[in-house]
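Report on the structure given below.
All figures in this text were calculated on a predicted structure; none of them were measured in a lab. Side chains included, hydrogens not; waters and symmetry mates left out as well; all remaining heavy atoms used.
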Amino acid sequence: MDIFLTNNLTNKKEKFVPRDEKKIGMYVCGPTVYDDPHIGNARPLVIFDILFKILKDKFVSVKYVRNITDIDDKIIVASKDQNISIKDLTNKITDSFLNDCRYLFCDDPTYQPKATEHIDLMIKMINKLIDKGFAYKNGEHVYFEVKKFSDYGKLSNKKLDELIAGSRVEISENKKNPEDFVLWKPSVGDEPSWDSPWGKGRPGWHLECSAMSKKFLGDEFDIHGGGMDLIFPHHENEIAQSRCANDSKFFAKYWVHNAFITMSNEKMAKSQGNILKIKEFRNKISGQVLRLALMSTHYKQPLDWNDKLLVECQNTLDKWYRLYSPKINPIKVPQEILKPLYEDLNTPGYITNLHQLYEDANKGENKELFISACKFVGLLNENLDQWEEYKKNKALISENEIKEKIKLRNNAREEKDFNKADKIRDELLDKGVLIEDKNGKTIWKFK
């Protein structure tokens with residue numbers, strides 16, 4: 001069975017044809033470790049983890065590289081704001097990120113390089129770009145000259161002037177042209193710095209991924225992934241500097257990007273002030289619930305995040321866990337069951353297959369297949385004791401929060417504000433809480 005992926009480089013769904021079936025390479029942009037990851041960051045973690053599993057199902061050797069950006073302007077600003085050293089900050093956030101990955105039941109990538117461990121490779125790449133005439137130095141700065149690369153904008157499917165007009169381009173008197181982007185910049189004061197031919201400084205963000213992907217996957221590889229917000233300028237700039245430095249016809253053959261997570265149909269982002277950090281869920285609900293929720297919508301479509309979605313996923317998993325048994329040995333999942341995942345990671349279609357397999361298993365048929373199909377995508381990976389512990393917590397909403405809402409509802413009813421009372425009842429229902437007025441009292445239970 002063939003794998004199909006939506007390739008943003010061609011804007012089409014295409015059959016995945018690897019460069020070399022014995023050496024599959026995938027690079028996915030990882031976190032910039034200045035703040036704890038939020039649910040929006042969790043989506044590519046789960047999506048590309050599932051793609052990794054599919055690739056391993058079909059091919060013998062798959063390398064999955066996901067970097068950690070541990071030097072960046074945002075990190076410097078955050079360390080000053082928090083009065084903490086950059087090393088302590090990046091170590092703390094990296095640990096938090098890795099804990100989030102484990103919480104979401106993601107497999108470890110083959111390699112997880114840190115930017116600060118590969119500065120020498122970045123300096124070598126900059127030297128190449130200067131020697132080939134694609135980059136220029138101005139004082140202690142080095143810039144890539146965008147106009148020298150004729151294919152710039154091909155990934156975004158836009159002309160250069162359209163890209164510049166629709167983005168926030170760094171303004172600097174050191175540049176020849178506004179669209180040129182930094183490869184190396186000087187460090188100021190006590191900011192982290194490395195020796196280079198252009199003075200003490202640090203690399204540009206875009207360059208980091210180009211250098212690390214080259215080290216682990218070569219000049220050209222199969223798949224590059226990330227969130228759609230990275231298409232421009234990050235991925236566009238990666239292509240430009242990598243192809244020019246390496247004299248390659250392409251950088252990555254397939255470009256796969258996931259859509260945003262929204263709340264009330266607004267993008268989840270720190271700038272919007274509507275972020276939910278992954279770590280805030282860790283002691284409340286199982287990571288299995290978040291994982292299923294992140295799979296519930298096709299990766300190319302926005303996913304609106306809300307309590308009702310989490311309740312539905314928790315109830316589904318609770319039903320599925322009734323068939324769980326540690327004595328069942330996983331079996332290989334037939335490709336016919338995996339077919340939706342092979343078809344451009346159609347996770348909603350695969351979840352439909354899981355529901356059907358559950359119905360069959362509930363009748364005593366192919367329980368091993370149902371459990372194995374769940375485990376294939378990282379579900380039913382807790383033992384029953386762990387699941388029951390999370391269930392007992394029911395912390396999608398705390399008991400104190402429930403009592404407080406019931407009190408507010410009763411006050412509304414006394415004031416004959418029945419619209420408000422009904423709204424509170426519906427809010428509780430969305431969180432899986434059923435209430436009933438009985439003998440002058442309001443009683444509640446989880447559905």
Listing, residues 18-27 side-chain donor-acceptor contacts under 3.5 Å, not counting sequence neighbours, or none:
unit_1: Arg19; atom_1: NH1; unit_2: Glu220; atom_2: O; d: 3.3
unit_1: Asp20; atom_1: OD1; unit_2: Lys22; atom_2: N; d: 2.9
unit_1: Tyr27; atom_1: OH; unit_2: Asn67; atom_2: OD1; d: 3.3

Report the C-alpha separation of Asp36 and Lys92 in whole Å, then their side-chain angles, then the decisive distance to 0.1 Å, and conclude whether the salt bridge (Lys or Arg N to Asp or Glu O under 4.0 Å) test is met. CA-CA 9 Å; Asp36 294 299; Lys92 180 182 78 168; over 6 Å; no
Tell me which one of Asp2, Ile223, Asn7, Val256 satisfies side-chain contact (heavy atoms from CB on, under 4.5 Å) with Phe16. Ile223
Measuring centre to centre across the rings, with the benzene-like ring taken for any Trp, is Trp198 within less than 6.0 Å of His141? no
So, applying side-chain hydrogen bond (donor to acceptor under 3.5 Å, both in side chains) with Asp70, which one of Thr32, Thr94, Thr116, Asn91 is it? Thr116
Within the 3.5 Å criterion, strictly below it, is a donor on Ser193 or Ser187 matched to an acceptor on the partner's side chain? no
Considering only NZ, NE, NH1 and NH2 on the basic side and carboxylate oxygens on the acidic side, decide whether Lys53 and Asp49 come within less than 4.0 Å. yes
Can a donor-acceptor pair be found, under 3.5 Å and without considering hydrogens, that links the side chain of Arg291 to the backbone of Phe105? yes
I'd like to know if the side chain of Gln314 and the backbone of Val289 have a donor-acceptor N/O pair within less than 3.5 Å. no
Does atom NZ of Lys158 have more than 12 heavy-atom neighbours from other groups under 6.0 Å away? no
Atom NZ of Lys74 with >12 non-hydrogen neighbours under 6.0 angstrom: no
Could you walk me through whether Asp180 and Tyr136 satisfy the side chain to side chain donor-acceptor pair (under 3.5 Å) test, starting with their C-alpha distance in whole Å, then the side-chain angles of each, then the deciding distance to 0.1 Å, before giving a yes or no? CA-CA 10 Å; Asp180 296 346; Tyr136 59 91; 2.7 Å; yes
Taking atom NZ as the centre, does Lys300 end up with more than 12 heavy-atom neighbours from other residues, nucleotides or ligands that are less than 6.0 angstrom away? yes
Walk me through whether Phe232 and His234 qualify under ring pair (Phe, Tyr, Trp, His ring centres under 6.0 Å). CA-CA 5 Å; Phe232 184 83; His234 186 51; over 10 Å; no
Answer yes or no: is there a donor N or O on one side and an acceptor on the other, between the side chain of Asp344 and the main chain of Thr6, under 3.5 Å? yes
What is the ring orientation for Phe144 with Phe149, classed by angle as parallel under 30°, tilted 30 to 60°, or perpendicular over 60°? perpendicular
What about Trp320 and His355, are their ring centers closer than 6.0 Å? yes
Other residues, nucleotides, ligands: >12 heavy atoms within 6.0 Å of Lys87 NZ: no
So, are Lys80 and Asp190 salt-bridged, with charged N and O less than 4.0 Å apart? no
Does Asp108 come within less than 4.0 Å of Arg102, counting only side-chain N to carboxylate O? no
For the ring pair Phe251 and Phe221, is the centre-to-centre distance below 6.0 Å? yes
Does the structure place the NZ or CZ of Lys147 under 6.0 Å from the centre of the six-membered ring of Tyr152, at an angle of no more than 45° from the ring's axis? no
Would you say the ring centroid of His206 lies under 6.0 angstrom from that of Phe181? yes
Can a salt bridge be assigned to the pair Glu145 and Lys148 using a cut-off of 4.0 Å between side-chain N and carboxylate O? yes
Lys279 NZ: over 12 foreign heavy atoms closer than 6.0 Å: no
Lys423, NZ: over 12 other non-hydrogen atoms inside 6.0 angstrom: no
Mind listing the closest non-hydrogen atom pair of Leu207 and Met125 along with its distance? CD1-SD, 3.9 Å
